[in-house]
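Report on the following structure.
Hydrogens, waters and symmetry mates are skipped; everything else that's a heavy atom, side chains included, is used. All figures in this text were calculated on a predicted structure; none of them were measured in a lab.
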Amino acid sequence: MYILVSASPEDRGRVTLRQVSAEGRVFDSHTVDEGNFAATVELLNEDDVRWVWSDTSYWYPKLLRQSVEVLRCHDLRLCHVILKNSEWTRGASRFEAPNPLWEGIATPSAANTGANTLFDGEESFDGLALQGASSPIDFDESLLEFRRQLEVVAGSRYSERLALLLVAESAGALAAAEMLHYGIPWRADVHARLLSDILGPRPQRGERPAQMEQLVSRIRKALDNPSVNPDSQQDLLRSLKRAGLAVSSTSKWELRDIKHPVIEPLLRYKKLSRLYTANGWNWLDTWVRDGRFHAEYIVGGVVTGRWAAHGGGALQLPAVVRPAVVADPGWKLVVADAAQLEPRILSAISGDVAMADAGRGQDLYQALVDRGVVDTREHAKIAMLGALYGSTTGRSASLMPRLVAAFPRALRLVEDAAREGESGGIVTTWLGRSSPSPEGEWWVELIRNPESPAEPRREKARSKARAWGRFTRNFVCQGSAAEWALCWLAGLRTRLTQLGDSRARPYLAYFLHDEVVVHTPEEYAEEVVELVREAAAEAGRLLFGVFPVEFPVEAIIADSYSDAKK
DNA sequence: AGCTTGAGCGCC
DNA sequence: AAAAGGCGCTCAAGCT
């Protein structure tokens, strides 16, 4: 059963909830003040309801603030974008014209941007506002869009897969809103102690922490330049050259191999500076409230379907601050990650049984060594990453022939994806998310001048074509892996809601591409580990049916996120 | 004064 | 030991 949630621009502050059928028949209808929205949803919130709304990141936080959770939804905006771009819906003309109403980009909340909110007088809230939607989307428009989407899916190639993708994307949107709401348990005291241990006491405004200041003195002495500012790339580079170092940049991998008294303090300075600026006291003040870091995810924010994040760098929490992620007293963290997800995904989408075989029940990289494909686990990893990313040089490239010989089907799939991209084409993930068309005219140049000699313009176009080929090569693997991860997350989320009572229930706290953290009462921790594995197996079946690929999960029960070794 | 860009570095 | 895919955040520097 579907209940469509909408708001009309003429009827500001009112929300309409209407029960509809897939054919568009309208049954029950309620129009309520926004203040009664959550209570009305709670009243209608049967297990078999799928809530259909314009945008989960707009509507769902309103419910969560009133402690109302829903099981399932259909996010019209996220689904519209997928269907519009998918190669499988070609010919569905109604999705080909630009439609700003449904293609608005989710942007940071009004607090930061001054963007419109849907209702007057509303405070900024802990979700996303929609810049594309200058006015609320009313019932008629929403229903029309919903019906179009169902039609387009039904008429597409592989409609079951596409339908699964829409369900998974929408479930991900629910999970993201919940994770934003509940937050990651974060011990500000642990974080602050860690900062003062590494950097020294918190400095005054405009000053550097003591440990960094000391390093600056050493750097200046070593370069014989009492005024060099290591924060200024240009200043620093000039000073390094003047001191006789043969460097073309100030990056740490170029500096690392040089022997000079400045290198050690400089590299150390960069490390501390990074911690101080990205995850120092300011970060702590800004992002941690009442023992929680409320990470703002942008579902579908990456073209491949991965999530992006906004504010606080939620998807880039460096290892040094992870000790501050600590379970509440009486609670535990279950930290789980899908081992070697992308290679396993590649084996499945290419139907490479030999490769799937190699990964069964064990470490895929070690299996490559055991089968004599490569000589060390490290080489296996380098070779596999090279296949996924398209490396053309170095150790990785030299290992490639061995991979091709061992897993021809898998390698053919990524090669085909690369060739498609190089010629300006589009590639599509397992569940139907398609890559964008390349921008610029490089491929026109190549088509027009296929045989012209190496001249700068053509060389530039060639180089852009190869870069785009590496992107499309990776797109099919990264994107399909993101789809598996969404299904995993969704399945886990559903399972967790069955545990405990509402006051002490395990919940998703963090999600990072192929990794998930559940915050759980201690007594459920073992069960959560089981559910994490169950959900992974289920995701594999949902995407790949009986194809014999396994998705092993490494899961630990811990007090701190940093207890999970990487 | 406020915006964008590039370098650099953290995460997967 | 370096290099390929995807991101976000910070700073300095250059721009309007």
| query | Contact class for A:Gly301 (heavy atom, under 4.0 Å): base, sugar-phosphate, or nothing? | reply |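 No contact.
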Quick one: which of [options] gets closest to the side chain of [X]?
| X | options | answer |
| --- | --- | --- |
| A:Asp257 | C:dG14, C:dA1, B:dC11 | C:dA1 |
| A:Gln316 | C:dG5, C:dA2, B:dG10 | B:dG10 |
| A:Asp231 | C:dA12, C:dC7, C:dA2 | C:dA12 |
| A:Val302 | C:dC7, B:dC12, C:dG5 | C:dC7 |
| A:Arg395 | C:dA3, C:dA2, C:dG6 | C:dA2 |
| A:Lys252 | C:dA2, C:dA4, B:dG10 | B:dG10 |
| A:Ala308 | C:dA3, C:dC7, B:dC12 | C:dC7 |

| query | CD of A:Glu254 versus P of B:dG8: gap in Å, rounded? | reply |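 One finds 8 Å between P of B:dG8 and CD of A:Glu254, rounded.
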| said: Expressed as a whole number of angstroms, how long is the span from A:Gln478:CD to C:dA4:P? | reply: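 After rounding, the reported distance stands at 17 Å.
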| When you look at A:Trp283 and A:Phe293, which way does the ring pair (Phe, Tyr, Trp, His ring centres under 6.0 Å) test go after all the steps? | CA-CA 10 Å; A:Trp283 183 91; A:Phe293 167 37; 5.0 Å; yes
Considering just the side-chain nitrogens and oxygens of [X], establish if one lies under 4.0 Å of OP1 or OP2 belonging to [N].
| X | N | value |
| --- | --- | --- |
| A:Ser251 | B:dA7 | no |
| A:Gln233 | B:dG8 | yes |
| A:Arg470 | C:dG6 | no |

| task | Enumerate the residues from residues 259-282 of chain A whose closest heavy atom to DNA chain B is under 4.0 Å, giving them by residue number; use none for an empty result. | result |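 Contacts with DNA chain B under 4.0 Å: A:Lys270, A:Arg274.
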| task | Step by step, work out the ring pair (Phe, Tyr, Trp, His ring centres under 6.0 Å) result for A:Trp88 and A:Trp430. | result | CA-CA 11 Å; A:Trp88 297 350; A:Trp430 185 250; 8.5 Å; no
